[in-house]
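Down below is the structure, laid out as structure tokens.
What you are looking at is a predicted structure, and each value in this text was computed from that prediction instead of being measured. Residue numbering restarts at 1 for every chain, and letters A, B, ... go by the order of the sequence lines.
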There are 2 protein chains.
Amino acid sequence: MKDINDMPGHLVRRLQQIAVAVFHAQVESAGFDLTPVQYAALVRVRTHPGIDQATLAGLIAYDRTTIAGVVDRLVQKGFLTREVSGTDRRARVLRMTETGEAALNRIAPAVETAQKLMLSGLDEVEVAEFMRLLRKATDAANDFSRAPLREVSSDPANAK
Amino acid sequence: MKDINDMPGHLVRRLQQIAVAVFHAQVESAGFDLTPVQYAALVRVRTHPGIDQATLAGLIAYDRTTIAGVVDRLVQKGFLTREVSGTDRRARVLRMTETGEAALNRIAPAVETAQKLMLSGLDEVEVAEFMRLLRKATDAANDFSRAPLREVSSDPANAK
DNA sequence: TGCTGATCATCAGTATACTGATTAACTACC
DNA sequence: GGTAGTTAATCAGTATACTGATGATCAGCA
């Protein structure tokens, strides 16, 4: 490993930065101001209405501390509501608003475009192989992260 | 694209987080406290003594603003020196100290281990293919980022 | 019931990353 | 030689991400 540019960690950082830049550009031209992380959180709350913050963090592999700020901004934008749970007063229950639902629908095409753009250097076969390897690598190293992916077993949306 | 977990942007973010976590763990057990970004900057200053901050940023695809803080911390740790250039008084010239050189040598094995660990889910052939695709994708989308990779043409270290 | 350990959310602190603006200094061109 | 455009660095502001700590609450168990 003679060079920084031959290190997977460095290349992954660069691709992630590219992904964020492309995402921002696409979403902005669709007339919205939403970050990739905020988008992921919104999508997950839609598929899991009433989810608490800790479970949400596990489902999209965030750090628990980070999620608080993300949710703050989504609530401030009027895309989410946050209320104290009726069954567990420690937990905050999250739900999408109609505004959030509408925004998500309008943003979806921009997000699709962004995913294609960030891999525009690869052909169709290469994209599929890249995705397979990405999934395999992240799955295997999941627990190395402080914010590992944690699926909810008692969750119908989780059934393959 | 039904799910967040099928989006390249999301998976790349996760792998990057894993990479950072593994890097920290390895470097820490080697007795140092250095981030991936700080490591990359150190390595580049070693191969390009007397480089200015803006050129350094281009060589490792950082944002120019970000580099200031990174260099600050490296100077504070005693790994780099920063001085006003003699030929261009706007520029700050960076050089490694002996302390920095020694640290880099001691850290190198930990960084190698971290690179292997983050891709421990892939076999040898898959790692090679993953690296090839990563390089191809980042090269093609380089200019989408605000902090694109900019190689220095008049640079002997750049000759292939 | 009361205790212990675990969990949810938050806070303080640090380190990337980015946008947009400003200041100082350099370069090119008239 | 002066001016316009460019460039290096920095600053203010915002948004991830992480570590480690704390307070409130819950669940299990003697």
- Query: What does A/D63 touch in the nucleic acid at a heavy-atom separation under 4.0 angstrom: a base, only the sugar-phosphate, or nothing?
  - Reply: base
- Grab the CG-C1' distance between A/L34 and D/dT16 for me, whole Å please. 13 Å
- Task: Under 4.0 Å between any heavy atoms, over every strand shown, what does B/T66 touch: base, sugar-phosphate, or nothing? Just pick one.
- Result: base
Taking distance alone, no hydrogens or angles, what donor-acceptor pairs closer than 3.5 Å link side-chain atoms of residues 19-31 of chain A to residues at least two apart or in another chain?
{"from": "A/H24", "atom 1": "ND1", "to": "A/V20", "atom 2": "O", "distance (Å)": "3.4"}
{"from": "A/S29", "atom 1": "OG", "to": "A/A25", "atom 2": "O", "distance (Å)": "3.2"}
{"from": "A/S29", "atom 1": "OG", "to": "A/Q26", "atom 2": "O", "distance (Å)": "2.9"}

- Message: Using the side-chain heavy atoms of B/R73, tell me which of these nucleotides is nearest: D/dT10, C/dC8, C/dA15.
- Response: C/dA15
- Between P of C/dT16 and CG of B/L42, the distance in whole Å: 11 Å
- Message: Distance check needed: C/dA9 C1' versus A/R92 CZ, whole Å only.
- Response: 6 Å
Can you give me every donor-acceptor pair (side chain of residues 95-102 of chain A, partner residue at least two apart or in another chain, under 3.5 Å) with its distance?
{"from": "A/T97", "atom 1": "OG1", "to": "A/G78", "atom 2": "O", "distance (Å)": "2.5"}
{"from": "A/T97", "atom 1": "OG1", "to": "A/F79", "atom 2": "O", "distance (Å)": "3.3"}
{"from": "A/T97", "atom 1": "OG1", "to": "A/T99", "atom 2": "N", "distance (Å)": "3.4"}
{"from": "A/T97", "atom 1": "OG1", "to": "A/G100", "atom 2": "N", "distance (Å)": "3.0"}
{"from": "A/E101", "atom 1": "OE2", "to": "A/R46", "atom 2": "NH1", "distance (Å)": "3.3"}

- Message: Expressed as a whole number of angstroms, how long is the span from B/L94:CG to D/dA9:P?
- Response: 8 Å
- Note on the structure: To the nearest angstrom, the CD-P distance between A/Q38 and D/dT14 comes to 14 Å
- Message: I want to check one thing: is the phosphate of D/dT10, taken as OP1 and OP2, less than 4.0 Å away from some side-chain N or O of B/R82?
- Response: yes
- Rounded to whole Å, the CD1-P distance (B/I67 to D/dA9) equals 10 Å
- Looking for any heavy atom pair under 4.0 Å, which part of the strands does A/V20 touch: base, sugar-phosphate only, or nothing? nothing
- Task: Go through D/dT10, C/dC26, C/dA17 for me and flag the one nearest to the B/V37 side chain.
- Result: C/dA17
- Query: Got a sec, which residues hit side-chain hydrogen bond (donor to acceptor under 3.5 Å, both in side chains) with A/N142, two or more places apart in sequence or on another chain?
  - Reply: B/R14
- Query: Quick one, which residues of residues 25-32 of chain A touch DNA chain D with a heavy atom under 4.0 Å?
  - Reply: none
- Within residues 85-142 of chain A or reaching into it, pairs that qualify as ring pair (Phe, Tyr, Trp, His ring centres under 6.0 Å) - sequence neighbours excluded: A/F130-B/F130
- Item | Under 3.5 Å side-chain donor-acceptor pair for B/D88 and B/S85 | no
- Note on the structure: Given protein heavy atoms under 4.0 Å, the one-letter contact record of nucleotides 2-7 of chain D, with B base, S sugar-phosphate only and - none, is simply -----B
- Message: Checking contacts here: which listed nucleotide (C/dA12, C/dA17, C/dA25) is nearest the side-chain heavy atoms of A/T65?
- Response: C/dA12
- Item | Nearest-angstrom distance from the residue atom CD of B/Q17 to P of D/dA17 | 5 Å
- Task: To the nearest Å, give me how far apart CZ (B/R13) and C1' (D/dC18) are.
- Result: 13 Å
